[in-house]
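Inspection log for the structure reproduced underneath, given as structure tokens.
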2 protein chains.
Amino acid sequence: MLRSAMKATVIVSLKPTVLDPQGMTIHRSLASLGLTNISDVRQGKIFDVSIKDGASRQEVERLAKEVLTNPVIEEYRIIWE
Amino acid sequence: MLRSAMKATVIVSLKPTVLDPQGMTIHRSLASLGLTNISDVRQGKIFDVSIKDGASRQEVERLAKEVLTNPVIEEYRIIWE
């Protein structure tokens with residue numbers, strides 16, 4: 001059977017209670033560009049992960065939890081394709 | 001009428017032809033962690049944007065296109081909530 005590799009998307013974002021200086025800097029610069037209706041910007045990271053056929057989803061869970069996320073300030077979610 | 005602000009998610013990723021050193025570094029480190037079934041990792045950025053009620057979607061388009069994306073090496077897509 002011909003199948004392309006499985007894909008998953010891991011989204012890592014700062015916990016809502018954590019200050020996001022990058023997002024705040026972007027937001028502050030918008031007024032000078034005339035984008036006055038944007039009330040908040042928060043930045044996160046996204047990882048497109050390819051997995052070999054037959055691999056378990058647990059590997060992506062481990063990747064997200066142990067490698068890509070700092071559990072002190074960040075949280076993650078995984079979208080399966 | 002009571003309504004919470006509109007939200008949009010802007011995803012900025014490197015064009016497929018552009019080398020992704022961050023993703024490659026993550027991918028290389030995985031073998032030593034026993035994550036041998038992950039065949040590729042590519043990193044991108046995600047922005048959670050809040051918009052004032054009644055604002056036009058065009059503002060988010062402009063934000064994505066003119067502020068968040070480097071058109072030489074990156075592409076973006078917008079997910080409306």
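Quick caveat, the model's predicted, so the values are computed rather than measured. Chain identifiers are assigned alphabetically (A, B, ...) following the order of the sequence lines, protein sequences preceding nucleic acid strands; residue numbering begins at 1 within each chain.
With a 4.5 Å cut-off on non-hydrogen atoms, B/Leu33 touches chain A through its backbone and its side chain both.
Hydrophobic clustering (side-chain heavy atoms under 4.5 Å, transitive across Ile, Leu, Val, Met, Phe, Trp, Tyr) keeps B/Leu14 apart from A/Phe47. In terms of hydrophobic clustering, with Ile, Leu, Val, Met, Phe, Trp and Tyr side chains grouped at heavy-atom distances under 4.5 Å, A/Tyr76 and A/Val67 are assigned to a common cluster. With hydrophobic clusters built from ILVMFWY side chains whose heavy atoms lie under 4.5 angstrom apart, B/Trp80 shares a cluster with B/Val12. There is a path of hydrophobic side-chain contacts, each under 4.5 Å, that joins A/Ile79 to B/Ile79. Using a 4.5 Å cut-off between side-chain heavy atoms of Ile, Leu, Val, Met, Phe, Trp and Tyr, with links allowed through other members, B/Leu19 and B/Val72 fall into different hydrophobic clusters.
Of the residues considered (A/His27, A/Glu59, A/Arg42), A/Glu59 shows the highest number of contacts with chain B, using heavy-atom pairs under 4.5 Å. If you tally non-hydrogen atom pairs under 4.5 Å between each of A/Glu66, A/Gln58, A/Lys52 and chain B, the highest count goes to A/Lys52. Comparing B/Ser29, B/Gly23, B/Gly44, B/Ser13 by how many heavy-atom pairs each has under 4.5 Å with chain A, the most go to B/Gly44. Ranked by heavy-atom pairs under 4.5 Å with chain B, the first of A/Ile26, A/Val10, A/Asp20, A/Leu68 is A/Ile26. For the set A/Val41, A/Val49, A/Leu35, the count of heavy-atom pairs under 4.5 angstrom toward chain B peaks at A/Leu35.
In this structure the side chain of B/Leu30 reaches within 4.5 angstrom of the side chain of A/Leu63, judged on heavy atoms.
Expressed to the nearest 0.5 Å, how far CG of B/Asn37 lies from CZ of A/Arg57 amounts to 14.5 Å.
Counting only distance, with no hydrogens or angles, the side chain of A/Ser39 and the backbone of B/Ser50 share a donor-acceptor pair below 3.5 Å.
The number of heavy-atom neighbours closer than 6.0 Å to NZ of A/Lys65, taken from other residues, nucleotides and ligands shown, is 12 or below.
Annotation: salt bridge (charged side-chain N to carboxylate O under 4.0 Å, His left out) contacts involving residues 68-81 of chain B, sequence neighbours excluded, comprise B/Lys45-B/Glu74.
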